[in-house]
There are 2 protein chains.
Amino acid sequence: MEASSADSAPRGGEPHPDGKLTRERMLACALEMVDREGIDKLSMRGLARALGRDPMSLYRHAANKADLLDGVAETVLAELTVDPNDTDWVAQLRAVARQFRRIALSHPHVVPLLVTRPLATPLALRPRGTLRPLEDVLALLTQAGFSGADALHIYRAVFGFLNGHILNELQEIVENPEETDDLLRLGLHRLPIHEFPNLRSLASVLASYDGAAELERGLDILLAGLPTVSTSAM
Amino acid sequence: MEASSADSAPRGGEPHPDGKLTRERMLACALEMVDREGIDKLSMRGLARALGRDPMSLYRHAANKADLLDGVAETVLAELTVDPNDTDWVAQLRAVARQFRRIALSHPHVVPLLVTRPLATPLALRPRGTLRPLEDVLALLTQAGFSGADALHIYRAVFGFLNGHILNELQEIVENPEETDDLLRLGLHRLPIHEFPNLRSLASVLASYDGAAELERGLDILLAGLPTVSTSAM
DNA sequence: AGACTGATGTCTACACCGTAGGTCTACGGA
DNA sequence: TCCGTAGACCTACGGTGTAGACATCAGTCT
């Protein structure tokens, strides 16, 4: 008996960790694997191996692999909390934005899921945890006196910008981190000089990218510009 | 001879279209398939079938499947043209933005590639066609009198916003297009009323989303705000 | 002319994948 | 006591990406 159960969970994690397998445990483990090795290294079989279970048991807690990925995205997004009762809506949105950035940076491999999964699913069918921030921001803004339409508009502007920003920030990858010369560090020396003169000349600027500052400046522009245009154009 | 060649390319497209298989032809076919059925329905074998070739021949023109996907993204992005000599940089950026939106909307299934692929590759190793718009925008802005650093900053702001916007716009999916009632059309009736009151009450606003207008308003805010902050904060 | 070389296409094979369908077990309520 | 149901497991099927060996052929050099 022990032989067969040991055989059914041969490699990796504990053979039978303890107690039952819950959706949370499964998602937590999946998140850990994605954080470590990236999305496309996550397989149902590999996840089951890490949990010490049979691959098929996962389907008790997730309908699909797609559903599992949705769950991972939801888990990460659940770290984001919005206080709909804050009376200073600008400050609250800033706080949310900083939070969002921090979460994205600490789970960079999940970001593709965050931006990509909603493209496949109509709003109302998305995992509920995903809709929570939307609902809460709407509450925040209507309590601040905005109409529903304007609230939605502001939500879209802020989160659109936020998604764009973290996509930008996560693209800053240094090729040879140990190099001291910026041009070599970024690998820009391979670009033909006559084809990409501007890009090459920006090596030092590219190397000193400051994501946090960039986010703040974007928010400055956005939050300053938003209320002035919001009602007039709709 | 004919028998064996017909056997090697059994289903789908022409058996041996004509002439050689080029990278362009392969990418064009791949793009077509992605546009039709989405990214994850694209397999090397399926693509080969559609081309009437052996799956392995694809590897003469793409190192990987990843490389092939990069190629598809590059192909699409190549439709984007920037005129670096336009003396009105604001107008030119607006034109680029509208172009970008149009391209993204006509290849919605490629958008995940566009926003996601650069996350894996350091700037200098990205497909050249992908860097072309960046270089050209930098040229446009430095010719307009901006410093390199400011030019880069503006590029990031605009394209970050652009990415965010189209991610937003592509999320607008109606569940039952034939329904007339907005709440049902969007499927919002499934959301528990007491948990998502704000969201549910916005059915009509959600249903009348106008992407083009939204883009213009965002550009208004961004382009108005950008020059005023650009040098002062760096 | 003949040999060599490199690009291109083809075939086979391998390890891995997602998951349909069925079975075994344990348990809680009737 | 019996049944229903939830959880876990096993087997099996039809796919996947791609390594590695081989075939074909155009061109180039001798």
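Naming convention: chains lettered A, B, ... in sequence-line order (proteins, then strands); numbering from 1 in each chain.
Between B:N64 and D:dG17, a side-chain N or O to OP1/OP2 separation shorter than 4.0 Å is absent. OP1 or OP2 of D:dA8 has at least one side-chain nitrogen or oxygen of A:R53 nearer than 4.0 Å. For the pair B:H61 and C:dG9, the criterion of a side-chain N or O lying under 4.0 Å from OP1 or OP2 is met. Residue A:R49 places at least one side-chain N or O closer than 4.0 Å to OP1 or OP2 of C:dC17. Dashed line: the shortest gap from a side-chain N or O of A:S57 to OP1 or OP2 of D:dG7 is not under 4.0 Å.
Remark: P of C:dC17 and CG of B:D40 are 17 Å apart, rounded to the nearest angstrom. Rounding to whole angstrom units, NZ of residue A:K20 and P of C:dC27 are separated by 9 Å. If you measure from atom CG of B:L69 to atom P of D:dT18, you get 10 Å, rounded to the nearest angstrom. Remark: C1' of D:dA6 and CG of A:L21 are 13 Å apart, rounded to the nearest angstrom. Distance CG (B:D54) to P (D:dA23): 15 Å, rounded to an integer number of Å. B:M44 places its CE atom 6 Å from the P atom of D:dT18, with the value rounded to the nearest Å. Rounded to an integer number of Å, the gap from A:I39 CD1 to C:dC17 P is 16 Å. Atom CZ of A:R23 is separated from atom C1' of D:dG7 by 16 Å (rounded to the nearest Å).
Checking D:dC10, D:dA8, C:dG18 against every side-chain atom of A:R60, the shortest atom distance belongs to D:dA8. With D:dC9, D:dG17, C:dC11 as the candidates, the nucleotide lying closest to the side chain of B:K65 is D:dG17. Of the candidates D:dG17, D:dA19, D:dC9, D:dA19 carries the atom nearest the B:M56 side chain, counting heavy atoms from C-beta on.
For C:dG18, the base has a donor-acceptor partner in the side chain of A:R45 [N/O atoms by modelled type, under 3.5 angstrom].
Relative to the six-membered ring of A:F196, B:R132 meets both conditions, a distance below 6.0 Å and an angle of at most 45° to the axis.
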- Message: Apply side-chain contact (heavy atoms from CB on, under 4.5 Å) to residues B:V174 and B:E179 and explain how you reach the verdict.
- Response: CA-CA 10 Å; B:V174 271; B:E179 236 325 310; over 6 Å; no
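Residue whose closest nucleotide on DNA chain D sits further toward the 5' end, between A:T22 and B:G46: A:T22.
Of all heavy-atom pairs between A:K65 and A:S43, the closest is NZ-CA, 4.2 Å.
The closest side-chain heavy-atom distance from B:I173 to A:T121 is not below 4.5 Å.
Side-chain contact check for A:E37 and A:H109: no donor-acceptor pair (N or O, by modelled atom type) lies under 3.5 Å.
Note on A:S43: only backbone sugar-phosphate atoms sit closer than 4.0 angstrom, heavy atoms only; bases stay farther off.
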